[in-house]
Amino acid sequence: MGQIEQGLERALRTRPVPSSTEARLRFLLAAHRGSTRQVAAMLRVSQRTVQRWVTKKPGARRPPGPAQGLAIEEAVLARWQPRIRARRRAQAEAEGFVFHTRARFGFAAAAGSSDDPRVRWITQDLPGEVARELFAARDAGAGEQQQTVILARALGHGYFRDGGRRAHGLHIAFSDVEFADFSIG
C-alpha cells in the first residue's frame, strides 16, 4: 500500500484500528457475536485454532503466525467503521478535501527554473470532483502511479495554474511522495 492509499485510509477513519493481534481478534469476535466458528471460516483456519488464539488459559494460548496475522489485519481493516467510512467518503466527494504532502513537485521545466521540480511542502484545497475521481480509481484497483497522476493534475491546476488563469499547457511533475494526508470536513 502506497503513501496515497494510506493517506486516504487514515482520512476515512475517526478512530485508530486496533493494533495488537489480541485486540483485533476481540473485534472480529464481537463483530461475529462471539462465534469462533464464523471467525475461523472467515480466516480459513479451524475453529480450534481460533479458540487457541483467544483462550485465557496460560499454557494453552498460541499466537497466530505471520500469515494468519496478516489475514486478521486485512479482515479487521475491511470491517472497521463501515458507516463512518461511507459518510466521510460522501462528504469528501461532495465538498472536497485538503491535501497535505511533501513530494517532488513542479513543472517539467529547464533546470534552474523557479518551477523546476523540487521537494515541496504543499497544502491545497481540492474539489469534490478530484475526490470522486480518486475514489473511483481506487475502487477500480488503480495503483499508486495512477492515483499520483490524478493528484498531479489537480495540484497543477490549483497550485501552479491558479485555477486555470495561467501556465497553460505545461506538464506537471509529481513524484517521490514522502507522505500524503487528506483532511475531510
Side-chain angles (χ1 to χ4, degrees), residues 1-20 23-24 66 69-185:
M1 187 182 301
Q3 293 293 327
I4 295 170
E5 183 73 24
Q6 289 175 1
L8 281 172
E9 286 300 315
R10 282 191 304 269
L12 293 176
R13 293 190 294 253
T14 57
R15 291 184 310 163
V17 178
S19 58
S20 72
R24 289 175 179 168
L70 186 59
I72 292 167
E73 179 181 6
E74 289 173 359
V76 169
L77 288 175
R79 289 162 180 78
W80 189 252
Q81 296 186 318
R83 291 188 304 243
I84 291 173
R85 292 168 52 84
R87 187 171 57 235
R88 290 183 62 97
R89 178 179 172 160
Q91 182 181 6
E93 289 176 348
E95 301 171 7
F97 57 86
V98 179
F99 180 55
H100 313 277
T101 189
R102 179 178 160 96
R104 187 167 301 283
F105 183 64
F107 284 129
S113 165
S114 65
D115 296 331
D116 190 32
R118 64 180 184 269
V119 176
R120 300 174 192 245
W121 289 89
I122 298 172
T123 298
Q124 183 71 39
D125 284 322
L126 296 176
E129 295 85 37
V130 176
R132 279 191 292 279
E133 188 177 358
L134 200 56
F135 284 121
R138 188 183 77 155
D139 292 345
E144 185 82 3
Q145 185 62 35
Q146 291 168 308
Q147 294 172 356
T148 302
V149 169
I150 293 167
L151 288 172
R153 188 172 49 244
L155 285 173
H157 183 73
Y159 186 82
F160 276 124
R161 294 188 181 118
D162 195 23
R165 290 188 280 272
R166 60 186 173 96
H168 303 287
L170 293 175
H171 177 70
I172 300 295
F174 182 62
S175 61
D176 303 335
V177 177
E178 293 180 18
F179 75 89
D181 279 329
F182 299 83
S183 299
I184 299 172

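- Here the CZ atom belonging to Arg89 is positioned 4.0 Å from the CG atom belonging to Asp139, to the nearest 0.5 angstrom.
- Residues Phe182 and Ile4 are in side-chain contact: their nearest non-hydrogen atoms beyond the backbone lie under 4.5 Å apart.
- The side-chain contact (heavy atoms from CB on, under 4.5 Å) test applied to Arg104 returns Pro117, Val119, Ser175, Asp176, not counting sequence neighbours.
- Among residue pairs with one or both ends in residues 127-154, none qualify as ring pair (Phe, Tyr, Trp, His ring centres under 6.0 Å); sequence neighbours excluded.
- Side chain of Arg88 to backbone of Ala11: a donor-acceptor contact under 3.5 angstrom is found.
- By the 4.5 Å heavy-atom criterion applied to side chains, Glu133 and Arg153 are counted as neighbours.
- Gln3 CD to Gln6 CD: the interatomic distance, rounded to the nearest 0.5 Å, is 5.0 Å.
- Summarising the geometry, atom CD belonging to Gln146 is positioned 12.5 Å from atom CG belonging to Leu151; distances are rounded to the nearest 0.5 Å.
- In terms of modelled atom types and a separation under 3.5 Å, the side chain of Trp80 and the main chain of Arg15 share a donor-acceptor contact.
- Only one option out of Val76, Leu77, Leu70 pairs with Glu74 in a side-chain contact (heavy atoms from CB on, under 4.5 Å); it is Leu70.
- Summarising the geometry, atom CD1 belonging to Ile184 is positioned 7.5 Å from atom CG belonging to Leu8; distances are rounded to the nearest 0.5 Å.
- Not a single donor-acceptor pair under 3.5 Å links the side chain of Gln147 to the backbone N or O of Leu134.
- Side-chain N or O atoms of Arg79 include one that pairs as donor or acceptor with a backbone N or O of Ala75 at under 3.5 Å.
- Partners of Phe174 according to the ring-ring contact (aromatic ring centres under 6.0 Å, His included) rule, which considers only residues two or more places apart in sequence or in another chain, are Phe105.
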Donor-acceptor list for residues 121-129 side chains, cut-off 3.5 Å, not counting sequence neighbours:
unit_1, atom_1, unit_2, atom_2, d
Thr123, OG1, His100, ND1, 3.3
Glu129, OE2, Arg132, NH2, 3.4

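- With sequence neighbours left out, the salt bridge (Lys or Arg N to Asp or Glu O under 4.0 Å) criterion links Arg102 to Glu178.
- Of the inter-residue distances, the one linking Gln81 atom CD with Arg83 atom CZ reads 10.0 Å to the nearest 0.5 angstrom.
- For Glu95, there are no salt bridge (Lys or Arg N to Asp or Glu O under 4.0 Å) partners two or more places apart in sequence or in a different chain.
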